[in-house]
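Basis for what follows: all heavy atoms, side chains included, without hydrogens, waters or symmetry-related copies. Note that the coordinates shown come from a computational prediction; the quantities given were computed from them, not determined experimentally.
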Amino acid sequence: WGGLLGGWLDDGIVGAGVVVVDPAFAGGEHPFRSRSEVTVYASADDLPDTLQPEVVVFAVKPQLIPETLPAYVRFVTAKTVFLSIAAGTEIAYFERHFGQDAAIIRAMPNLPASIRLGISVICPSCCVTSGQLDTCSTLFNAVGEVCVIDDEGLLDAVTAVSGSGPAYVFLLIECFIKPVEAAGLPT
């Protein structure tokens with residue numbers, strides 16, 4: 001998620017008012033804490049009641065989604081879109097927690113997004129407005145290219161091939177480079 005946010009900030013896609021909730025950095029230094037446009041909280045419970053987010057991004061491991069969602073129910077409005085990059089967590093799961101009228105976009109970016117060369121595939125729920133879809137498409141266009149699909153069932157294949165595939169290719173390349181370097185050849 002850091003590569004995505006870094007791209008959004010560097011390209012000016014998001015302005016002041018970015019809020020990050022990251023329990024891993026509670027009380028410590030956070031990579032984005034030095035950015036004036038970013039405010040970091042250790043818990044969603046610490047978010048101000050006056051906060052009216054346009055986009056809420058869930059960039060957590062899928063197994064953490066059940067404990068994460070309850071704190072965000074208070075942000076369900078027609079103006080807020082929930083953008084999930086939690087692999088394998090279906091739109092219907094979010095609808096069960098946020099209601100059938102919640103605007104939800106399920107996304108699968110890939111590792112090259114961290115260097116602004118990614119391919120992201122997004123799938124909106126039926127309640128996502130064209131403006132919300134444009135906003136989320138703009139976010140992913142800032143870190144590569146984006147493809148919008150209507151069939152959520154295709155996201156599992158996207159995750160396997162595009163989402164995880166490049167990481168395995170990079171790992172394989174690293175496995176080739178290490179013995180070359182160990183043999184003393186320049187890389």
Participant: Find out whether Val56 and Leu83 are in side-chain contact, i.e. whether some heavy atom of one side chain is under 4.5 Å from a heavy atom of the other.
Facilitator: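 With C-beta onward as the side chain, the pair stays apart.
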Participant: Which is it for Glu95 and Ser125 under the side chain to side chain contact (heavy atoms under 4.5 Å, CB included) test, yes or no, and what are the steps along the way?
Facilitator: CA-CA 9 Å; Glu95 290 174 336; Ser125 70; 4.0 Å; yes
Participant: Under the rule for ring pair (Phe, Tyr, Trp, His ring centres under 6.0 Å), what residues qualify as partners of Phe75, not counting sequence neighbours?
Facilitator: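 Here no residue qualifies.
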Participant: Check step by step if side chain to side chain contact (heavy atoms under 4.5 Å, CB included) holds for Thr138 and Val146.
Facilitator: CA-CA 9 Å; Thr138 299; Val146 64; over 6 Å; no
Participant: Report yes if the side chains of Cys123 and Val148 come closer than 4.5 Å at any heavy-atom pair, otherwise no.
Facilitator: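 No; the side chains remain at least 4.5 Å from each other.
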Participant: Tell me if the centroids of the rings in Phe82 and Phe94 come within less than 6.0 Å of each other.
Facilitator: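 Not under 6.0 Å, so no.
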Participant: Can Ile115 be reached from Ile119 by stepping across I, L, V, M, F, W or Y side chains whose heavy atoms are under 4.5 Å apart?
Facilitator: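 No, it is not one cluster - the side chains of Ile119 and Ile115 are not joined through contacts under 4.5 Å.
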Participant: Apply side-chain hydrogen bond (donor to acceptor under 3.5 Å, both in side chains) to Thr80 and Thr77, showing your working.
Facilitator: CA-CA 5 Å; Thr80 302; Thr77 69; 3.2 Å; yes
Participant: Any side-chain heavy atom of Arg74 within less than 4.5 Å of one from Asp49?
Facilitator: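 Side-chain contact under 4.5 Å: yes.
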Participant: Between Thr135 and Ser137, does a side chain to side chain contact (heavy atoms under 4.5 Å, CB included) hold up when you go through it step by step?
Facilitator: CA-CA 5 Å; Thr135 296; Ser137 294; over 6 Å; no
Participant: Other residues, nucleotides and ligands only: do more than 12 of their heavy atoms fall within 6.0 Å of CD on Gln63?
Facilitator: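 Yes, CD of Gln63 has more than 12 neighbouring heavy atoms, counting only those of other groups under 6.0 Å.
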Participant: Pro48 versus Tyr41: any side-chain heavy-atom pair under 4.5 Å?
Facilitator: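 Contact flag for Pro48/Tyr41 side chains = yes.
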Participant: Judged by atom type as modelled, is there a donor-acceptor pair below 3.5 Å linking the side chain of Glu145 to the main-chain atoms of Ser120?
Facilitator: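 No, Glu145 side chain to Ser120 backbone: no donor-acceptor pair under 3.5 Å.
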Participant: Should Lys79 and Glu54 count as side-chain neighbours, where that means a heavy-atom distance under 4.5 Å?
Facilitator: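 Counting from C-beta outward, Lys79 and Glu54 never come under 4.5 Å.
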Participant: Does the side chain of Cys136 reach to within under 4.5 Å of the side chain of Val81, using non-hydrogen atoms?
Facilitator: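 In contact.
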Participant: Hydrophobic clusters here meaning ILVMFWY residues chained together by side-chain heavy-atom distances under 4.5 Å, can you tell me if Leu69 and Val19 are in one?
Facilitator: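 Yes.
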Participant: Looking at Asp101, I want to see if its CG is surrounded by more than 12 non-hydrogen atoms of other residues, nucleotides or ligands under 6.0 Å.
Facilitator: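 Incorrect, the count does not exceed 12.
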Participant: Any heavy-atom pair between the side chains of Leu5 and Val20 that's under 4.5 Å?
Facilitator: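 Yes, at least one pair of side-chain atoms sits under 4.5 Å.
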Participant: Leu117 and Val161: same hydrophobic cluster, using ILVMFWY side-chain contacts below 4.5 Å?
Facilitator: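 Different clusters: Leu117 never reaches Val161 through Ile, Leu, Val, Met, Phe, Trp or Tyr contacts under 4.5 Å.
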Participant: Is it the case that the side chain of Gln132 and the backbone of Thr129 share a donor-acceptor pair, with hydrogens and angles ignored and the cut-off at 3.5 Å?
Facilitator: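 Flag set: sc Gln132 to bb Thr129 pair under 3.5 Å.
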Participant: Are Asp151 and Arg106 ion-paired here, with the side-chain N under 4.0 Å from a carboxylate O?
Facilitator: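 Arg106 and Asp151: not salt-bridged.
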Participant: Side chains of Leu155 and Val121: closer than 4.5 Å at any heavy-atom pair?
Facilitator: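 Contact flag for Leu155/Val121 side chains = yes.
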